[in-house]
Amino acid sequence: MRFGTFMAPFHPTGQNPTLALQRDLELIVHLDRLGFDEAWIGEHHSGGYELIASPELFIATAAERTRHIRLGTGVVSLPYHHPFMVAQRIVLLDHLTRGRVMLGVGPGALPSDAFMLGIDPATQRPRMEEALDVILRLLRSDEPVTHDGEWFTLDNARLHLRPYTQPHPEVAVAAMISPSGPRAAGKFGCSLLSIGATQRAGIDLLGQHWQVCEERAAEFDHVADRRAWRLVSQVHVAETREQAYRDVEYGLEAYFEYFRKVAALPMVPEGPPDSLADQMNDSGAGVVGTPEDLIAFIEHLIEQSDGGFGTFLVQAHEWADPAATHRSYELIAQYVMPHFQGSAVRPAASKEWVAANRERFIGAAGGAIMSAIQQHAEEKAAKAEG
């Protein structure tokens, strides 16, 4: 299993937005050092919390500060952009990052964004599919593309650069509760990015979503690969559950307020204004606790998915202050990732083997030491006699 972050991002209003964006960049650098596999960066244009308007610009900056971590758009809202320009930007980033970029797409999450652009929310999902079809044709073929649609046109269009990644960067489709995301991912042979794993309803629907994806993939002669399936969830861990609860007193209330009063997304459970960490844990919407609690949660997600998935993404947030947030990711890298990746098995097995044979090894080492002492004594005696 791979691990990463899904960075909308979420920053409470009333603070310096420039510094908030710098913290986002610093977090990506921190994750790169810890060995996280990937980070997905969002696109939003209203609401005041999710400050990144262009994931491509953010990725270009983050790529220069990191070495290994893969960087994806999480996601480009396709109805807001001409698909030719989306394809052009992602190919440029593919070259600039030497293959570390991924293209995540969706219809657009915030109705307020669509409202400002004069887009009917009822058209967003079909427009996303129409745009994705054209983008993939541009990426996958050298043949020119002509398309006369309701909201965009192409006339013998082709990209003037081939992708750096062959055949092209990975493309993922976002999914929430409805089956439109899995249907599109299956139809076009793309990866699936399940943001709905942050919600109880989404968790319960995981197996069904993958079934939809597999059925649509078979219908269009693609093979759905669970290793390319990503699940996003809300997490904060500390050394103890008590410490984790104290940590999130910093910002969990503001996070709940945003989703209950501003954003039209069911990301947090309904309930009273207090005991928010308990509500998060009890509802299954996320984890506030220890690495062991997170391991149990991920194992539950594996069970609900009816066969497993490839990547677990931690939704970036400011429930805790920057130091505690960085520590949470460190604990995930230290204890949770090895549990699912098996990287700690060999050292533990080696320790157990040495411990089980300790007397034999010590005896052999002691014998060698005594032999060396005796040999030295004999050599000194021989020289004295000579």
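With hydrogens and angles left out, the side-chain atoms of E299 and H339 include a donor and acceptor closer than 3.5 Å. If you check the side chains of E215 and Q211, you find a donor sitting under 3.5 Å from an acceptor. Counting only N and O atoms by type, the side chains of E38 and W40 include a donor and acceptor under 3.5 Å apart. Side-chain atoms of R100 and T66 include a donor-acceptor pair closer than 3.5 Å. The closest side-chain donor-acceptor pair between T5 and Y329 falls under 3.5 angstrom. If you check the side chains of Y258 and E253, you find no donor sitting under 3.5 Å from an acceptor.
Closest non-hydrogen pair, A20 versus Q15, comes out as CB-OE1, 3.9 Å. Nearest heavy atom pair, residue L78 against residue L132, reads CD1-N, 3.8 Å. Across every non-hydrogen atom of L110 and Y80, the tightest pair is O-OH, 3.8 Å.
With ring centers used as reference points, F10 lies under 6.0 Å from F259. Aromatic ring centres of Y250 and W319: separated by at least 6.0 Å.
Within the structure, salt bridge (charged side-chain N to carboxylate O under 4.0 Å, His left out) pairs that include any residue of residues 371-381 do not occur (at least two apart or interchain). The salt bridge (charged side-chain N to carboxylate O under 4.0 Å, His left out) analysis of residues 286-297, with sequence neighbours excluded, yields the pairs R241-D293.
For E170, the side-chain contact (heavy atoms from CB on, under 4.5 Å) test picks out R70, M102, S191, A228, R230, with sequence neighbours left out.
Salt bridge annotation for R246-E249: absent, with no cationic side-chain nitrogen under 4.0 angstrom from a carboxylate oxygen. One finds a salt bridge joining R162 and D142 here, because a Lys/Arg side-chain nitrogen approaches an Asp/Glu carboxylate oxygen to under 4.0 Å. A salt bridge does not link E26 to R65: none of the charged nitrogens lies less than 4.0 Å from a carboxylate oxygen. Residues R23 and E318 are paired through a salt bridge, judged by an N-O separation under 4.0 Å between the basic side chain and the carboxylate.
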Are K187 and E129 close enough, and set up right, to give a salt bridge (charged side-chain N to carboxylate O under 4.0 Å, His left out), and what steps lead you there?
CA-CA 9 Å; K187 176 181 178 179; E129 284 207 23; 3.6 Å; yes

Kindly determine whether E43 and H81 satisfy side-chain hydrogen bond (donor to acceptor under 3.5 Å, both in side chains), including the steps that lead there.
CA-CA 12 Å; E43 174 197 345; H81 305 269; 2.9 Å; yes

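Counted within 6.0 Å of OH on Y335, heavy atoms from surrounding residues, nucleotides or ligands total 12 or fewer; the atom is thus considered open.
A donor-acceptor pair under 3.5 Å is absent between the side-chain atoms of D247 and the main chain of A324, judged by distance alone.
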